[in-house]
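To find a chain, count down the sequence lines: A is the first, B the second, and so on, and within it residues start at 1.
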Amino acid sequence: MPHQLDKTYDPTKHEAKIYQRWEDSGAFKPNPKAKKDPFSIILPPPNANGHIHVGTAMFTIEDIMIRYRRMQGHPALWLPGMDHAGIETQVVYERELAKEGKSRFDFTREQFYNNVMDYTKTNQSIMIAELKSMGFSLDWSRLKFTLDPDITEIVYDTFKRLHDAGYIYRGNRIVNWCPFCRSAFADIEVKYREQLDPLYYIKYGPFVLATVRPETKFGDTAVAVNPKDQRYTKYVGQEIEAESVLGHKFKLKVIADDHVDPEFGTGVVKVTPAHDPNDWEMGLRHNLEVKQAIGTDGRLTGLTGKYAGMPATEARAQIAHDMEERGLMDHIDMNYKHSVGYHDRCGTLIEPLVVEQWWLRVGELKKPAIQAIKSGEIKFVPERFTKAALDWLENLRDWNISRQNWWGMRVPVYYNASGDKSKPEYIIGTEEDAVKTYGKGGYEAETDNFDTWFSSGQWPFATLMATGDFDKGSYPTSVMETGRDILFLWVTRMMMLGLFRTGEVPFRTVYLHGMVTDAHGKKMSKSKGNVINPLEMTGKYGTDALRLALTIGITPGNDGAISEQKIEGYRNFNNKLWNVARFILGQLPEDYLPAEPKLTSPADHWMMAKLNTATRDTTKAIGDYRFSEAGQIIYSLLWDDFADWYLEASKVSPNHDLLIYGLETILKLVHPIAPFVSEAIWSQLPWQKQQLIVTPWPEPATIKTSNKAALEFENLKQVVQATRTVAAEEQLSKPTILTTNDQLIQSAGLIQRLARAGEVKRVEQGSGLYLDTTADAWLQADDKLINARRRRLTGQRNEKAAYLKTLESKLGNTKYVESAPANIVQETRDRRNETAQLLEKLDSQLKTLN
RNA sequence: GGGCAAUUAGCUCAGUUGGUUAGAGCGCUUGAUUCACAUUCAAGAGGCCACAGGUUCGAGUCCUGUAUUGCCCACCA
């Protein structure tokens with residue numbers, strides 16, 4: 001019997017080897033022989049621009065589902081991928097460049113792209129190694145990258161199909177422009193921050209009006225008032241003359257528009273269609289000219305005279321100052337609080353600008369997604385996100401899918417530069433197509449890239465099409481598990497694009513996890529210094545410890561706190577499991593082979609019942625996405641039941657087959673959450689020829705357990721615990737237990753050992769300290785001891801008496817007896833009887849003291 | 001402004017459709033320990049389940065309202 005298990009479990013000795021063995025054996029690939037329905041999850045592709053973080057480690061949830069389904073006999077596919085993550089990677093890379101005092105403008109666009117590609121590829125291999133170290137049973141043979149040629153081809157094809165269906169258009173509209181990235185962004189990529197800014201009340205001909213942005217006044221093409229505002233009715237439709245900060249006079253139309261709030265400022269607003277989304281809308285309604293005062297570089301344009309070339313932020317103060325000098329400033333409110341948009345990736349102030357972009361018309365596109373949610377074809381865990389997703393989709397406006405960044409997937413468009421007006425303005429396709437259409441040199445390639453979410457929004461079907469799994473039942477995928485924070489950014493878009501392209505939902509269930517926070521529920525951030533590095537933790541405590549810490553005590557959709565202390569606790573759990581195995585294996589005879597366990601002692605029946613219940617409950621919990629609960633059930637099964645009671649009991653008379661059966665069952669149950677330690681122990685079982693990862697999921701045993709026998713052990717436990725309590729409180733050493741119960745006597749040796757009792761004696765009539773159990777057992781005690789216990793006994797007695805009273809009044813309530821379910825009422829009756837009996841014993845005992 | 005969470009032991013959190021005297025881990029107190037594990041064992045203390053109403057035989061759980069905290073969305077000249 002090879003049972004040279006170390007005294008403690010050392011994860012570093014096992015993990016890498018085990019992972020290698022799993023991968024080499026092909027266990028991560030969906031088993032073609034598995035008979036059940038395919039189960040598939042697409043890994044949300046991590047951004048290949050750094051190391052994994054605790055958020056990435058949360059994909060443990062997916063591994064749990066995959067391992068569980070694999071063991072259950074489903075062909076389970078977990079498909080890994082890597083995201084080029086467009087702007088995010090570019091920003092990270094540019095930060096690196098900045099450290100060397102460089103920027104992307106020190107390179108050609110092509111050089112830059114190639115450098116980022118190298119950077120990404122390097123990071124990818126780091127990332128892959130780190131994902132492997134987490135124990136993730138991803139099928140690496142199917143690894144995909146968002147910029148792979150086959151993926152790109154599929155994304156391009158979708159784009160063409162969308163275009164042909166009339167969902168794509170190119171338009172010159174106001175967009176969220178980031179002057180640092182020199183790119184437009186979607187509304188959802190703008191994060192608003194509340195801040196204080198001066199609110200300038202400037203003189204505009206006959207008006208005084210409030211503005212935060214005097215620097216945009218060169219782009220003003222009207223002044224607006226509310227149509228109902230009596231104060232200004234006479235001006236509506238007129239032209240006013242005002243003085244420019246540059247000295248000259250100019251004229252502006254006065255328009256009436258409902259958007260203007262008469263209560264705000266003076267009720268007059270300058271209208272700058274080129275630099276404000278609302279003004280843009282007003283411009284459309286009133287057919288106003290669009291004059292661009294700020295360029296894509298964030299600097300003032302030629303329109304602004306001497307201010308041209310000045311960054312907009314600087315220009316503001318300068319212009320305000322100059323206006324004051326010229327007497328054009330009425331006053332300044334320095335306490336104006338409002339929220340201002342910043343680019344969520346690079347943190348630069350967003351400049352609304354009018355720039356031509358590619359747009360996705362969502363009006364029709366979103367309908368099937370809305371329908372799929374409403375009909376329940378796509379379910380959310382937790383459920384409350386259903387409404388959030390619906391609301392978002394219903395209010396969704398056209399999506400700007402083009403980006404002017406340098407790192408990304410190019411929009412596959414070629415423009416007509418042939419001078420031949422009979423040819424189309426642009427085509428969608430390859431360069432070859434462009435040559436065919438426009439002739440050599442007769443075209444210009446689009447330089448815009450796709451919004452990274454436009455391509456990753458196609459990830460489920462694109463990856464499966466590229467690997468050839470699409471038609472083999474892996475699509476729709478079973479579950480999409482990802483962070484709550486990208487519900488709108490990613491999940492809803494996958495629904496729209498997936499349904500458009502395939503006619504089917506991309507996934508049936510969306511499971512959203514919350515954010516991982518520090519020990520006190522605070523967001524982790526470098527500046528706070530509270531970041532937990534998953535690799536540091538797994539190195540110190542083992543991967544399984546981290547995985548358990550990310551599973552237990554964490555609720556779907558809610559933030560979950562994690563601390564080194566918590567991880568350490570689960571390291572201890574793994575060590576406990578290891579030592580349980582060490583202990584059991586150490587006592588097996590040479591050449592032991594397990595047989596079907598026979599239940600002989602009450603402890604056996606009790607343990608078997610516990611194992612069955614836990615198996616059933618764990619299975620149900622995992623199936624219902626209650627992973628935390630599953631973890632807790634197993635934790636308690638191993639530690640509280642198996643180790644603390646059954647193993648201890650087995651020391652008196654071991655039942656090897658049941659010990660092994662219990663150990664194996666626990667290893668199977670815990671494997672999805674703690675794969676390494678369970679596999680490490682499993683590999684020590686010489687009769688097990690296949691790896692645990694591919695071993696069938698346990699089912700409740702068919703062997704009959706006796707409730708009566710199990711209950712006997714439960715009684716014994718209570719006697720033991722009650723004895724321990726008294727012994728601990730009164731500092732007794734080896735107390736004598738008296739009992740009138742023959743069954744207890746049969747387990748005398750066991751009780752003696754577990755309770756550290758001196759003797760267990762059969763008596764005709766009990767005396768001494770009655771142990772608070774349903775078994776008839778007493779602790780032999782002299783008057784001194786009983787007197788010492790008197791206060792406690794009285795307390796106990798009063799507690800029972802009060803409880804009995806509530807039970808009796810409950811049963812005295814006819815409404816309760818009539819309307820509560822029969823089994824609940826019966827339970828109450830049983831408890832009443834038990835309590836009454838107990839009370840009687842306590843009373844008679846107290847009487848002997850008087 | 002709209003929405004969603006959360007509020008339960010000192011801390012971090014469970015508590016599945018309403019039904020035992022509300023649980024866990026950590027922390028704390030006391031004690032133990034050659035015999036699988038000090039990454040251990042045993043025992044203990046600690047809770048008006050945020051507050052106020054309501055529904056019900058019965059509420060931590062359902063409803064209404066209030067407060068505090070966090071998040072999301074929209075608007076802000």
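Between the side chain of A/Lys217 and the base of B/A77 there is no donor-acceptor pair of N/O atoms closer than 3.5 Å. Counting atom types as modelled, A/Lys576 pairs a side-chain N or O with a base atom of B/C37 as donor and acceptor under 3.5 Å.
Across all strands shown, A/Gly265 has no heavy atoms under 4.0 Å from either base or sugar-phosphate atoms. Among the atoms of the strands shown, base atoms are found under 4.0 Å from some heavy atom of A/Arg571. Nucleic acid contact for A/Val260: base, since at least one base atom lies under 4.0 Å from a heavy atom of the residue. At the heavy-atom level, A/Tyr204 lies nowhere under 4.0 Å from the strands shown. Residue contacts for A/Glu827: at a heavy-atom cut-off of 4.0 Å it reaches no nucleic acid atom on any strand shown. Using a 4.0 Å heavy-atom cutoff across all strands shown, A/Asp644 reaches sugar-phosphate atoms only and no base atom. A/Leu199 comes within contact range of the sugar-phosphate backbone alone, with a heavy-atom separation under 4.0 Å but no base atom that close. As judged by a 4.0 angstrom heavy-atom cut-off over every strand, A/Tyr9 is placed among residues making no nucleic acid contact.
A salt bridge (Lys or Arg N to Asp or Glu O under 4.0 Å) check over residues 265-280 of chain A, counting only residues at least two apart or in different chains, returns the pairs A/Asp220-A/Lys270. Listed by first then second residue, pairs satisfying salt bridge (Lys or Arg N to Asp or Glu O under 4.0 Å) with a partner in residues 552-575 of chain A read A/Arg484-A/Asp559, A/Lys540-A/Glu564, A/Glu568-A/Arg571, not counting sequence neighbours.
Taking the charged nitrogens against the carboxylate oxygens, A/Arg792 and A/Glu799 have no contact shorter than 4.0 Å, which rules out a salt bridge. Ionic pairing of A/Lys805 and A/Glu808 is not present here: no N-O contact between side-chain nitrogen and carboxylate oxygen is shorter than 4.0 angstrom.
Across residues 721-730 of chain A, A/Gln721, A/Arg724, A/Thr725, A/Ala728, A/Glu729 each have a non-hydrogen atom less than 4.0 Å from an atom of RNA chain B (numbered order).
Considering only residues two or more places apart in sequence or on other chains, A/Phe385 meets the ring pair (Phe, Tyr, Trp, His ring centres under 6.0 Å) condition with none of them. Scanning for ring pair (Phe, Tyr, Trp, His ring centres under 6.0 Å) contacts around A/Tyr816 gives an empty result, with sequence neighbours left out.
Note: A/Phe207 and A/Tyr232 have perpendicular aromatic rings, judged against thresholds of 30 and 60 degrees for the angle between ring planes. In this pair, A/Phe627 and A/Tyr625 present their aromatic rings perpendicular. The plane angle is above 60°, beyond the 30 to 60° band.
One C1' atom belongs to B/G58, the other to B/A22, and the distance between them is 15 Å to the nearest Å.
Taking 4.0 angstrom as the limit, A/Lys191 places a side-chain polar atom (N or O) nearer than this to OP1 or OP2 of B/C73. Residue A/Arg384 has no polar side-chain atom (N or O) positioned under 4.0 Å from OP1 or OP2 of B/A5.
Surrounding NZ of A/Lys522 are at most 12 heavy atoms belonging to other residues, nucleotides or ligands under 6.0 Å away.
When distances run from any side-chain atom of A/Arg831 to the nucleotides B/A36, B/U20, B/U12, the shortest one goes to B/U20.
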**Contact state string [nucleotides 57-64 of chain B, B base, S sugar-phosphate only, - no protein heavy atom under 4.0 Å]** = B-------

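Position along RNA chain B of the nearest nucleotide to A/Ile188 versus A/Leu209 favours A/Ile188 as the more 5'-ward residue.
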